[in-house]
Amino acid sequence: MRPLRIAYHAYSLHPRDAFGNVASGQARKGALLRVQYPGGEQGYADCHPWPELGDLSLTMQLKKLQTGEWTDLLLRSMEFAWTDAQARSQGLNLLDVCAIPPSHFLMPCLERFTPESLEHCVSQGFRRIKIKLGKNPLEEGQYLVKQLDPLRALLSSVKVKFRLDFNSSMTEDQVHVFLAQIQPILDFLDFIEDPTPFVASAWENIQKRWGIRLALDRFPVTQFESLTPGAFSIVVFKPAIQSMEKIKALALRLDCPLAVTSYLDHPLGQLCAAKAAGVLQSDPRLKIEEGGLLSHSAYKENDFSSALRTNGPFLLPSPGTGFGLNERLAALTWSPLQGETA
(Lines give C-alpha, C1' and ligand atoms only; values in the text may rest on other atoms or scores of the structure.)
Protein backbone atom coordinates (compact mmCIF):
# COMPACT_ATOMS: atom_id res chain seq x y z
CA MET A 1 0.00 0.00 0.00
CA ARG A 2 1.47 3.32 -1.08
CA PRO A 3 1.56 5.93 1.72
CA LEU A 4 -0.26 9.24 1.58
CA ARG A 5 2.21 11.06 3.80
CA ILE A 6 5.20 10.20 5.99
CA ALA A 7 6.63 11.93 9.05
CA TYR A 8 9.70 10.99 11.06
CA HIS A 9 11.10 11.37 14.56
CA ALA A 10 14.89 11.29 14.83
CA TYR A 11 16.34 9.53 17.88
CA SER A 12 19.65 8.47 19.41
CA LEU A 13 20.51 5.22 21.16
CA HIS A 14 23.44 5.26 23.58
CA PRO A 15 25.45 2.01 23.74
CA ARG A 16 26.71 0.77 27.07
CA ASP A 17 29.82 -0.53 25.28
CA ALA A 18 31.35 -0.71 21.82
CA PHE A 19 29.86 -3.48 19.66
CA GLY A 20 32.76 -5.86 19.17
CA ASN A 21 34.97 -4.79 16.29
CA VAL A 22 32.15 -3.14 14.32
CA ALA A 23 31.14 0.08 16.05
CA SER A 24 32.33 2.39 18.79
CA GLY A 25 30.36 3.29 21.86
CA GLN A 26 29.17 6.56 20.32
CA ALA A 27 25.46 7.35 20.07
CA ARG A 28 23.65 5.64 17.21
CA LYS A 29 21.20 7.55 15.03
CA GLY A 30 17.87 6.33 13.72
CA ALA A 31 14.37 7.55 12.95
CA LEU A 32 10.90 6.33 13.74
CA LEU A 33 8.46 6.64 10.85
CA ARG A 34 4.78 7.57 11.05
CA VAL A 35 3.00 6.58 7.86
CA GLN A 36 -0.52 7.65 6.92
CA TYR A 37 -2.46 5.91 4.14
CA PRO A 38 -5.28 7.02 1.82
CA GLY A 39 -7.83 4.93 3.73
CA GLY A 40 -7.10 6.78 6.98
CA GLU A 41 -4.90 4.04 8.49
CA GLN A 42 -1.77 5.10 10.35
CA GLY A 43 1.19 2.89 11.20
CA TYR A 44 4.67 3.14 12.68
CA ALA A 45 8.04 1.56 11.95
CA ASP A 46 11.74 2.02 12.63
CA CYS A 47 14.63 2.99 10.34
CA HIS A 48 17.99 2.29 11.97
CA PRO A 49 20.86 2.03 9.47
CA TRP A 50 24.28 0.52 10.10
CA PRO A 51 26.69 2.38 7.77
CA GLU A 52 29.47 0.27 9.31
CA LEU A 53 27.86 -2.75 7.65
CA GLY A 54 27.16 -1.12 4.31
CA ASP A 55 23.86 0.74 4.85
CA LEU A 56 23.35 4.27 3.62
CA SER A 57 23.44 6.91 6.35
CA LEU A 58 20.23 8.00 8.06
CA THR A 59 20.25 11.26 6.10
CA MET A 60 20.48 9.35 2.82
CA GLN A 61 17.81 6.85 3.92
CA LEU A 62 15.36 9.69 4.54
CA LYS A 63 16.21 11.25 1.18
CA LYS A 64 15.59 7.92 -0.53
CA LEU A 65 12.31 7.57 1.32
CA GLN A 66 11.24 11.01 0.11
CA THR A 67 11.98 10.16 -3.52
CA GLY A 68 10.53 6.66 -3.40
CA GLU A 69 13.89 4.97 -4.07
CA TRP A 70 13.57 2.55 -1.20
CA THR A 71 16.57 0.66 0.13
CA ASP A 72 16.21 -2.84 1.59
CA LEU A 73 16.00 -1.24 5.03
CA LEU A 74 13.29 1.19 3.95
CA LEU A 75 11.34 -1.49 2.11
CA ARG A 76 11.15 -3.59 5.26
CA SER A 77 10.28 -0.51 7.35
CA MET A 78 7.39 0.35 5.07
CA GLU A 79 6.13 -3.23 5.13
CA PHE A 80 6.10 -3.13 8.93
CA ALA A 81 4.37 0.26 8.92
CA TRP A 82 1.54 -1.09 6.74
CA THR A 83 1.19 -4.20 8.91
CA ASP A 84 1.08 -1.97 11.98
CA ALA A 85 -1.47 0.38 10.39
CA GLN A 86 -3.84 -2.45 9.52
CA ALA A 87 -3.71 -3.86 13.04
CA ARG A 88 -4.18 -0.46 14.69
CA SER A 89 -7.20 0.30 12.51
CA GLN A 90 -8.75 -2.98 13.66
CA GLY A 91 -7.81 -2.53 17.32
CA LEU A 92 -5.55 -5.62 17.30
CA ASN A 93 -2.20 -6.27 18.99
CA LEU A 94 0.11 -8.03 16.55
CA LEU A 95 2.10 -9.91 19.17
CA ASP A 96 -0.84 -11.14 21.23
CA VAL A 97 -1.64 -13.67 18.53
CA CYS A 98 1.77 -15.33 18.18
CA ALA A 99 4.27 -17.14 20.40
CA ILE A 100 7.60 -15.29 20.48
CA PRO A 101 10.60 -17.65 20.67
CA PRO A 102 13.21 -17.18 23.41
CA SER A 103 16.34 -15.09 22.88
CA HIS A 104 19.99 -15.30 23.75
CA PHE A 105 21.58 -12.82 26.14
CA LEU A 106 23.69 -10.32 24.23
CA MET A 107 27.10 -9.23 25.49
CA PRO A 108 28.28 -6.49 23.10
CA CYS A 109 31.90 -6.95 24.17
CA LEU A 110 33.96 -9.62 25.89
CA GLU A 111 34.74 -7.40 28.87
CA ARG A 112 31.11 -7.86 29.94
CA PHE A 113 31.63 -11.60 30.35
CA THR A 114 32.57 -12.68 33.88
CA PRO A 115 31.56 -15.62 36.10
CA GLU A 116 29.19 -13.24 37.89
CA SER A 117 27.50 -12.10 34.66
CA LEU A 118 27.16 -15.71 33.55
CA GLU A 119 25.52 -16.71 36.83
CA HIS A 120 23.12 -13.79 36.46
CA CYS A 121 22.16 -14.91 32.95
CA VAL A 122 21.60 -18.46 34.12
CA SER A 123 19.44 -17.31 37.02
CA GLN A 124 17.27 -15.35 34.56
CA GLY A 125 16.68 -18.45 32.44
CA PHE A 126 19.03 -17.74 29.52
CA ARG A 127 20.61 -20.82 27.94
CA ARG A 128 22.34 -19.12 25.01
CA ILE A 129 24.78 -16.23 25.38
CA LYS A 130 26.06 -14.25 22.41
CA ILE A 131 29.34 -12.35 22.60
CA LYS A 132 30.61 -9.96 19.94
CA LEU A 133 34.31 -10.46 19.28
CA GLY A 134 36.90 -9.63 16.65
CA LYS A 135 39.10 -6.91 18.09
CA ASN A 136 41.91 -9.34 18.92
CA PRO A 137 40.88 -12.99 18.42
CA LEU A 138 43.95 -14.51 20.09
CA GLU A 139 43.58 -12.48 23.27
CA GLU A 140 39.82 -13.09 23.23
CA GLY A 141 40.34 -16.83 22.91
CA GLN A 142 42.69 -16.87 25.87
CA TYR A 143 40.20 -14.91 27.95
CA LEU A 144 37.33 -17.25 27.08
CA VAL A 145 39.27 -20.37 28.07
CA LYS A 146 40.42 -18.75 31.30
CA GLN A 147 36.87 -17.76 32.26
CA LEU A 148 34.95 -20.82 31.06
CA ASP A 149 37.20 -23.74 31.95
CA PRO A 150 36.60 -23.38 35.73
CA LEU A 151 32.82 -23.19 35.12
CA ARG A 152 32.43 -26.58 33.45
CA ALA A 153 30.16 -28.01 36.14
CA LEU A 154 27.73 -25.08 35.98
CA LEU A 155 27.70 -24.92 32.19
CA SER A 156 27.09 -28.66 31.88
CA SER A 157 24.35 -28.78 34.50
CA VAL A 158 22.24 -26.02 32.92
CA LYS A 159 23.28 -26.72 29.30
CA VAL A 160 24.46 -23.18 28.55
CA LYS A 161 26.15 -22.61 25.21
CA PHE A 162 27.87 -19.62 23.66
CA ARG A 163 27.49 -17.85 20.34
CA LEU A 164 30.54 -15.94 19.12
CA ASP A 165 30.01 -13.24 16.49
CA PHE A 166 33.08 -12.02 14.60
CA ASN A 167 31.31 -9.92 11.93
CA SER A 168 33.59 -11.38 9.23
CA SER A 169 36.71 -9.99 10.88
CA MET A 170 39.04 -13.02 10.63
CA THR A 171 40.87 -14.81 7.83
CA GLU A 172 40.43 -18.55 7.37
CA ASP A 173 43.86 -19.20 8.92
CA GLN A 174 42.98 -17.05 11.94
CA VAL A 175 39.78 -19.06 12.44
CA HIS A 176 41.75 -22.31 12.68
CA VAL A 177 44.22 -20.75 15.12
CA PHE A 178 41.37 -19.40 17.24
CA LEU A 179 39.53 -22.73 17.33
CA ALA A 180 42.71 -24.60 18.28
CA GLN A 181 43.14 -22.12 21.10
CA ILE A 182 39.62 -22.63 22.50
CA GLN A 183 39.53 -26.38 21.88
CA PRO A 184 39.24 -27.12 25.63
CA ILE A 185 35.84 -25.37 25.68
CA LEU A 186 34.45 -26.28 22.25
CA ASP A 187 31.76 -28.37 23.95
CA PHE A 188 30.21 -25.13 25.17
CA LEU A 189 30.11 -23.51 21.72
CA ASP A 190 26.69 -23.21 20.07
CA PHE A 191 27.99 -21.61 16.89
CA ILE A 192 30.33 -19.01 15.44
CA GLU A 193 28.60 -16.32 13.42
CA ASP A 194 30.32 -14.87 10.36
CA PRO A 195 33.91 -15.81 11.29
CA THR A 196 35.15 -14.63 7.85
CA PRO A 197 33.56 -13.11 4.77
CA PHE A 198 31.46 -15.93 3.37
CA VAL A 199 33.31 -18.39 1.14
CA ALA A 200 31.47 -21.70 0.91
CA SER A 201 34.52 -23.95 0.55
CA ALA A 202 36.38 -22.33 3.45
CA TRP A 203 33.36 -22.46 5.75
CA GLU A 204 32.66 -26.09 4.89
CA ASN A 205 36.26 -26.96 5.72
CA ILE A 206 36.00 -25.20 9.10
CA GLN A 207 32.81 -27.04 10.04
CA LYS A 208 34.15 -30.44 9.04
CA ARG A 209 37.57 -30.03 10.64
CA TRP A 210 36.33 -28.79 14.00
CA GLY A 211 32.88 -30.33 14.21
CA ILE A 212 31.23 -27.00 14.96
CA ARG A 213 28.33 -25.00 13.55
CA LEU A 214 28.79 -21.80 11.59
CA ALA A 215 25.97 -19.25 11.37
CA LEU A 216 25.47 -17.18 8.25
CA ASP A 217 24.28 -13.61 8.75
CA ARG A 218 25.15 -11.28 5.91
CA PHE A 219 25.99 -12.57 2.46
CA PRO A 220 25.97 -11.09 -1.06
CA VAL A 221 22.49 -11.03 -2.60
CA THR A 222 24.00 -12.54 -5.75
CA GLN A 223 24.83 -15.71 -3.78
CA PHE A 224 21.30 -16.25 -2.48
CA GLU A 225 20.15 -18.78 -5.05
CA SER A 226 23.49 -20.60 -5.10
CA LEU A 227 23.72 -21.30 -1.35
CA THR A 228 23.95 -25.02 -0.66
CA PRO A 229 24.07 -27.23 2.47
CA GLY A 230 27.40 -27.94 4.11
CA ALA A 231 28.98 -24.51 4.35
CA PHE A 232 26.86 -23.37 7.29
CA SER A 233 24.42 -24.86 9.79
CA ILE A 234 22.13 -21.98 10.72
CA VAL A 235 20.89 -18.77 9.10
CA VAL A 236 20.60 -15.56 11.12
CA PHE A 237 17.56 -13.65 9.89
CA LYS A 238 17.22 -9.90 10.42
CA PRO A 239 13.65 -8.85 9.48
CA ALA A 240 14.73 -5.18 9.47
CA ILE A 241 16.69 -5.67 6.23
CA GLN A 242 15.79 -9.08 4.78
CA SER A 243 12.70 -10.50 3.10
CA MET A 244 10.96 -13.04 5.32
CA GLU A 245 9.62 -14.94 2.32
CA LYS A 246 13.08 -15.29 0.77
CA ILE A 247 14.71 -16.38 4.03
CA LYS A 248 11.86 -18.80 4.68
CA ALA A 249 12.27 -20.32 1.23
CA LEU A 250 16.02 -20.65 1.82
CA ALA A 251 15.52 -22.39 5.16
CA LEU A 252 13.06 -24.84 3.63
CA ARG A 253 15.26 -25.53 0.61
CA LEU A 254 18.34 -26.22 2.73
CA ASP A 255 16.48 -27.71 5.73
CA CYS A 256 18.35 -25.16 7.84
CA PRO A 257 17.30 -23.69 11.21
CA LEU A 258 16.79 -19.95 11.67
CA ALA A 259 17.71 -17.55 14.45
CA VAL A 260 15.70 -14.32 14.22
CA THR A 261 17.37 -11.20 15.58
CA SER A 262 16.77 -7.49 15.81
CA TYR A 263 19.02 -5.05 13.96
CA LEU A 264 20.32 -3.63 17.23
CA ASP A 265 17.74 -0.96 16.58
CA HIS A 266 14.95 0.90 18.40
CA PRO A 267 12.62 -1.05 20.73
CA LEU A 268 9.91 -0.66 18.08
CA GLY A 269 12.23 -2.48 15.68
CA GLN A 270 12.64 -5.26 18.25
CA LEU A 271 8.87 -5.73 18.40
CA CYS A 272 8.71 -5.89 14.60
CA ALA A 273 11.41 -8.58 14.57
CA ALA A 274 9.57 -10.46 17.34
CA LYS A 275 6.42 -10.56 15.21
CA ALA A 276 8.39 -12.00 12.30
CA ALA A 277 9.90 -14.61 14.62
CA GLY A 278 6.46 -15.56 15.90
CA VAL A 279 5.09 -15.94 12.38
CA LEU A 280 7.98 -18.18 11.36
CA GLN A 281 7.72 -20.27 14.52
CA SER A 282 4.08 -21.00 13.71
CA ASP A 283 5.15 -22.84 10.54
CA PRO A 284 5.68 -26.51 11.52
CA ARG A 285 8.07 -27.00 8.60
CA LEU A 286 10.63 -24.61 10.09
CA LYS A 287 13.04 -24.97 12.98
CA ILE A 288 13.42 -21.73 14.92
CA GLU A 289 16.25 -21.55 17.46
CA GLU A 290 16.82 -18.96 20.17
CA GLY A 291 16.96 -15.56 18.55
CA GLY A 292 18.25 -12.13 19.46
CA LEU A 293 15.21 -10.02 20.26
CA LEU A 294 16.39 -8.47 23.54
CA SER A 295 19.00 -6.09 22.15
CA HIS A 296 17.71 -3.09 24.14
CA SER A 297 19.94 -4.24 27.02
CA ALA A 298 22.96 -3.20 24.93
CA TYR A 299 21.86 0.45 25.23
CA LYS A 300 21.27 2.77 28.13
CA GLU A 301 17.62 2.77 29.15
CA ASN A 302 15.28 5.19 27.42
CA ASP A 303 11.57 5.91 27.50
CA PHE A 304 10.78 3.18 24.99
CA SER A 305 13.06 0.45 26.31
CA SER A 306 11.65 0.98 29.81
CA ALA A 307 8.23 0.14 28.36
CA LEU A 308 9.30 -3.23 26.99
CA ARG A 309 8.06 -6.25 28.91
CA THR A 310 10.29 -9.29 29.30
CA ASN A 311 10.35 -12.57 31.20
CA GLY A 312 13.89 -13.90 31.29
CA PRO A 313 14.78 -14.81 27.68
CA PHE A 314 11.32 -13.92 26.38
CA LEU A 315 10.20 -10.60 24.91
CA LEU A 316 6.52 -10.14 25.72
CA PRO A 317 3.86 -8.22 23.77
CA SER A 318 3.76 -4.50 24.45
CA PRO A 319 0.28 -3.26 25.46
CA GLY A 320 -1.63 -1.35 22.83
CA THR A 321 -2.57 -1.90 19.22
CA GLY A 322 -0.37 -2.81 16.28
CA PHE A 323 3.14 -3.34 17.62
CA GLY A 324 2.15 -1.44 20.78
CA LEU A 325 3.87 1.50 22.49
CA ASN A 326 0.84 3.66 21.62
CA GLU A 327 1.18 6.36 24.26
CA ARG A 328 4.88 6.86 23.73
CA LEU A 329 4.54 7.10 19.96
CA ALA A 330 1.67 9.58 20.26
CA ALA A 331 3.73 11.80 22.58
CA LEU A 332 6.60 12.28 20.10
CA THR A 333 7.21 15.34 17.95
CA TRP A 334 7.03 14.42 14.26
CA SER A 335 8.67 16.21 11.34
CA PRO A 336 7.05 16.02 7.89
CA LEU A 337 9.15 14.20 5.31
CA GLN A 338 7.82 15.99 2.25
CA GLY A 339 6.63 19.33 3.53
CA GLU A 340 3.21 18.22 4.81
CA THR A 341 1.91 19.36 8.15
CA ALA A 342 2.99 16.82 10.76
Side-chain angles (χ1 to χ4, degrees), residues 19-23 49-56 71-73 75-76 104 106 128 130-138 140-141 161-180 182 186 189-264 273 276 280 286-292:
F19 293 116
N21 67 315
V22 172
W50 278 81
E52 301 91 336
L53 298 176
D55 293 336
L56 295 178
T71 63
D72 287 341
L73 175 61
L75 182 60
R76 303 283 87 82
H104 56 237
L106 175 63
R128 295 293 181 270
K130 180 176 178 178
I131 307 174
K132 286 189 170 290
L133 304 175
K135 292 180 180 179
N136 190 322
L138 291 182
E140 292 165 341
K161 288 187 178 290
F162 292 82
R163 298 171 167 182
L164 308 180
D165 184 4
F166 283 91
N167 287 112
S168 304
S169 62
M170 291 192 288
T171 65
E172 183 180 358
D173 288 342
Q174 287 175 323
V175 174
H176 290 295
V177 172
F178 176 81
L179 289 171
I182 68 166
L186 278 183
L189 185 65
D190 187 25
F191 60 68
I192 292 182
E193 181 177 338
D194 289 347
T196 71
F198 180 68
V199 177
S201 58
W203 281 39
E204 186 168 2
N205 180 41
I206 293 169
Q207 289 200 138
K208 287 182 176 179
R209 178 175 174 182
W210 296 99
I212 64 169
R213 300 198 303 168
L214 296 184
L216 181 63
D217 183 0
R218 288 207 172 204
F219 51 90
V221 175
T222 54
Q223 294 185 2
F224 195 91
E225 298 300 331
S226 63
L227 293 174
T228 57
F232 53 91
S233 299
I234 185 168
V235 172
V236 177
F237 169 43
K238 290 184 167 61
I241 56 171
Q242 295 170 311
S243 162
M244 183 163 67
E245 291 307 313
K246 286 187 177 181
I247 293 293
K248 181 178 177 179
L250 177 68
L252 291 172
R253 178 168 67 85
L254 301 183
D255 190 25
C256 184
L258 297 173
V260 185
T261 76
S262 77
Y263 204 38
L264 277 170
L280 291 171
L286 296 172
K287 182 179 180 183
I288 307 301
E289 299 197 5
E290 284 96 336

> Evaluate the criterion side-chain contact (heavy atoms from CB on, under 4.5 Å) for residue pair Lys132 and Leu264; output intermediate values, then yes/no.
CA-CA 12 Å; Lys132 286 189 170 290; Leu264 277 170; 3.9 Å; yes
> Taking the side chain as every heavy atom from C-beta outward, state whether Asp55 and Tyr263 have any atom pair closer than 4.5 Å.
yes
> For the atom pair OG1 (Thr228) and CG (Leu254), what is the distance rounded to the nearest 0.5 Å?
7.5 Å
> Compare all side-chain heavy atoms of Ile192 with those of Ile206 and state whether any distance is below 4.5 angstrom.
no
> CZ/Arg76 to OG1/Thr71 distance, rounded to the nearest 0.5 angstrom?
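Reported value, rounded in 0.5 Å steps: 9.5 Å.
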> If you compare all heavy atoms of Leu189 against all heavy atoms of Lys161, which two are closest, and at what distance to 0.1 Å?
O-CD, 4.2 Å
> Mind listing the closest non-hydrogen atom pair of Arg163 and Phe191 along with its distance?
NE-CE2, 3.1 Å
> Is there a side-chain contact between Phe237 and Lys248 (heavy atoms, below 4.5 Å)?
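No, their side chains stay 4.5 Å or more apart.
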> Under a 4.0 Å N-O cut-off, is there an ion pair linking Glu289 with Arg128?
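The answer is no: the pair does not qualify as a salt bridge.
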> Are any of the side-chain heavy atoms of Trp203 and Leu216 separated by less than 4.5 Å?
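Counting from C-beta outward, Trp203 and Leu216 do come under 4.5 Å.
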> Please report the shortest heavy-atom distance between Gln207 and Ser233, naming the atom on each side.
OE1-OG, 2.7 Å
> Identify the heavy atoms of Gly134 and Pro137 that sit nearest to each other, and give their distance.
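The pair with the smallest heavy-atom distance is O-CD, 4.2 Å.
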> Would you compute the distance between atom NZ of Lys130 and atom CZ of Phe162 and round it to the nearest 0.5 angstrom?
14.5 Å
> Please examine the side chains of Arg253 and Leu227, heavy atoms only from C-beta on, and report whether any two atoms are closer than 4.5 Å.
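The answer is yes, as the side chains (C-beta and beyond) meet within the 4.5 Å cut-off.
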> If you define the side chain from C-beta out and look only at heavy atoms, does anything of Glu172 sit under 4.5 Å from Asn205?
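Yes, close enough: below the 4.5 Å cut-off.
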> Applying salt bridge (Lys or Arg N to Asp or Glu O under 4.0 Å), can you list everything that pairs with Lys238, at least two apart in sequence or on another chain?
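If we apply the salt bridge (Lys or Arg N to Asp or Glu O under 4.0 Å) test to Lys238, skipping adjacent residues, the hits are Asp217.
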> Mind checking the NE2-CG spacing from His104 to Asp190? Nearest 0.5 Å is all I need.
10.5 Å
> Is there a side-chain contact between Leu133 and Phe166 (heavy atoms, below 4.5 Å)?
yes
> If you round to the nearest 0.5 Å, how far is CD1 of Ile241 from CG of Leu73?
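Reported value, rounded in 0.5 Å steps: 7.5 Å.
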> How close do Ala231 and Ala200 get, counting heavy atoms only, and between which atoms?
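Nearest pair, atom of Ala231 first, then Ala200: CB-O, 3.5 Å.
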> Drop me the distance from Asp194's CG to Leu53's CG, to the nearest 0.5 angstrom.
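If I round to the nearest 0.5 Å, the distance is 9.5 Å.
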> Begin with the C-alpha distance, continue with both residues' side-chain angles, and end with the deciding distance and a verdict on side-chain contact (heavy atoms from CB on, under 4.5 Å) for Leu286 and Leu252.
CA-CA 7 Å; Leu286 296 172; Leu252 291 172; 3.6 Å; yes
> Considering only heavy atoms from C-beta outward, does the side chain of Leu250 approach that of Cys256 to under 4.5 Å?
no
> Going by salt bridge (Lys or Arg N to Asp or Glu O under 4.0 Å), name the residues that satisfy it together with Glu140, two or more places apart in sequence or in a different chain.
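With neighbours one apart ignored, the set is empty.
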> Which pair of non-hydrogen atoms, one from Asn167 and one from Asp165, has the smallest distance, and what is that distance?
N-OD1, 3.1 Å
